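Structure first, commentary second.
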Amino acid sequence: MKNNIFLIGTHWGDEGKGKVVDVLSENAKACVRFQGGHNAGHTLVINDKKFILHLIPSGILRNNVKSVIGNGVVVSLDALITEIIELEENGISLSNKLFISESCHLILPTHIALDQARERRLGKKSIGTTGRGIGPSYEDKISRKGIRLLDLKNESIFLKKLDSLMEYHNFILENYFETKCIDTNSVARELLEKYHKISKYIIDTNEYINDLCKQGGVVFEGAQGTMLDVDHGTYPYVTSSNTTLSGVVSGTGANMSLIKYGLGITKAYSTRVGHGPFPSELNNDIGNKIGKIGGEIGATTGRTRRCGWLDLKVLKKSIRLNNLSGIALTKIDVLDNFDEISICVDYGSINYETFEVENLKFIKLPGWNESTVGITKYDDLPKNAKAYIETIENLADTSVDIISTGPARSEIIQKINIFDA
Ligand code: GDP
Ligand code: IMO
Ligand code: MG
């Protein structure tokens, strides 16, 4: 039986998860999202065409792969329908391919308004959220007043829940944030209309996912990254879900004993979008050069991503926290034209007021000044590129099993088949 695999971003998101999931999907049976929402932006490049997926798993472009949105994901019906339409317009059929958990919590327009109002109020201390209502939706889930997809099945129950929740939201919007209320009746009408368009995809995913796992070849696709985890990340500059291993279990109900391989997705350098500490950040020409070559512009919000050298301390933490079996190192090609490449190997405590860090330590390695773009065999990599990869393996005590050498599907080195590992 093929391994079931979970895949998690090791840093602050945007490590290239979508690209790697798309590659792995060639040999997968199913692909499952377990947390986050449409704050995610996963980019796939197929025959020069770019697809950015926010909610639907990145296996969707493969004909024989089932795509499952697990119970841990928060769903905006607007975002979901927009994405479904975009895929259908590109000739991708979703029937009998897309399955959404009836336990997913909804993102309401008031969640979005609250997210944005709170960010405005925080001013310089804002989190830099994607403004998509993710935090407020998870808050309502945890405080047991959220609305789930299954609530929409029964119109009168749904209307009662929506009324009471939006009354509360509107009270805060009006009286605390001194901003406009949102009309409950029109939200109710729109949600019911949209629900009827997608209700055919809704099932009890827990049983389905466990059945798929028994057959093997399931890829659990993380969103965001380890340092954005609400418990283990750079709190409060995090997202509102468990982006780490525990999210796989709570966000799907999968039996962990059936999942044999954990793949960390690590970019060859580090980036962060949004505010918060970023110890290895390069506020200089080198950082700008990395960002420019790497095209480091947010796939969801279009914001410029902050760039820095690879943060190895974070990588080690991520390997430990997620019990990772190996790493996919992405965007190695972005470092092709540097005389010297550094790795941030350690630092002391982080000051969460100033984001300053004590005792930053780096090691320097020679660059390779040769193109790695599109290389598919490890032995074909330049000597210094191999030395860079092997240094990461040694320092982090891990194995780099996959290396991505460009945005396209074919630009990949798979040292081993992780479905058999
Ligand atoms: P995700 O959120 O982790 O799926 O990552 P994003 O899609 O937000 O950002 C990764 C970006 O890097 C996208 O534009 C990808 O097309 C691109 N990308 C992925 N892998 C590679 C690679 O190996 N080399 C280069 N140059 N770009 C890559
Ligand atoms: P993918 O899956 C990078 C960041 C936001 C902000 C913080 C909280 O594409 O890697 P939120 O809207 O979630 O409440 O914002 O988290 N963030 C991401 N950064 N990649 C993502 O997703 C992100 N999703 C959220 O920028 O700092
Ligand atoms: Mg992204």
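Whatever order the structure lists ligands and atoms in, that order sets their numbers, starting from 1. Side chains included, hydrogens not; waters and symmetry mates left out as well; all remaining heavy atoms used. Note that the coordinates shown come from a computational prediction; the quantities given were computed from them, not determined experimentally.
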Mind checking whether Lys19 has an N or O less than 3.5 Å away from an N or O of ligand 1? no

In this structure, does ligand 1 have an atom that sits under 4.0 Å from one of the heavy atoms of Gly41? yes

Identify whether the distance between the nearest side-chain nitrogen and carboxylate oxygen of Lys194 and Glu190 falls below 4.0 Å. yes

Consider only side-chain N and O atoms of Thr271 and Asp14, and report whether a donor and an acceptor are under 3.5 Å apart. no

Less than 4.0 angstrom from a charged side-chain N to a carboxylate O is my criterion; do Lys331 and Glu411 meet it? no

Check whether any heavy atom of Gly13 sits under 4.0 Å from an atom of ligand 1. no

Are any of the N or O atoms of Lys50 closer than 3.5 Å to those of ligand 1? no

For Gly406, take its heavy atoms, then give the atoms of ligand 1 lying under 4.0 Å from any of them. 20 (N), 21 (C), 22 (C), 23 (O), 24 (N), 25 (C)

Gly18: numbered ligand 1 atoms lying under 4.0 Å from its heavy atoms: 4 (O)

Location of contacts on Asp333 toward ligand 1, heavy atoms closer than 4.0 Å: side chain

Distance alone, cut at 3.5 Å: any donor-acceptor contact between the side chains of Ser241 and Gln35? yes

I'd like to know if the side chain of Asn359 pairs up with that of Asp346 as donor and acceptor (distance under 3.5 Å, no hydrogens or angles considered). no

Do Lys415 and Asp401 sit within salt-bridge range, that is, some charged N less than 4.0 Å from a carboxylate O? no

Using the ring of Phe338 (Phe, Tyr or Trp, six-membered ring only), decide whether Lys289 places NZ or CZ under 6.0 Å from its centre and within 45 degrees of its axis. yes

Donor on one side chain, acceptor on other, Asp336 and Thr372, under 3.5 Å: yes

Heavy-atom nearest neighbour in the protein, as seen from atom 11 (C) of ligand 1, with distance rounded to 0.1 Å: Lys331 NZ, 3.5 Å

Stacked cation flag Arg121 on Tyr176, 6.0 angstrom / 45 deg: yes

Using a 6.0 Å cut-off, check whether atom CZ of Phe362 has over 12 heavy atoms from anything other than its own residue. yes

Protein N, O or S atoms under 2.8 Å from the Mg ion (ligand 3): 2

Does ligand 1 have an atom under 4.0 Å from some heavy atom of His11? no

Give the protein residues with at least one non-hydrogen atom closer than 4.0 Å to an atom of ligand 2, ordered by chain and number. Trp12, Gly13, Asp14, Lys17, Asn39, Ala40, Gly41, His42, Ile127, Gly128, Thr129, Thr130, Ala223, Gln224, Leu228, Val238, Thr239, Val273, Gly274, Arg303

The answer for which part of Glu221 has a heavy atom under 4.0 Å from ligand 1 is neither

Do the side-chain N and O atoms of Asp78 and Ser76 include a donor-acceptor pair separated by under 3.5 angstrom? no

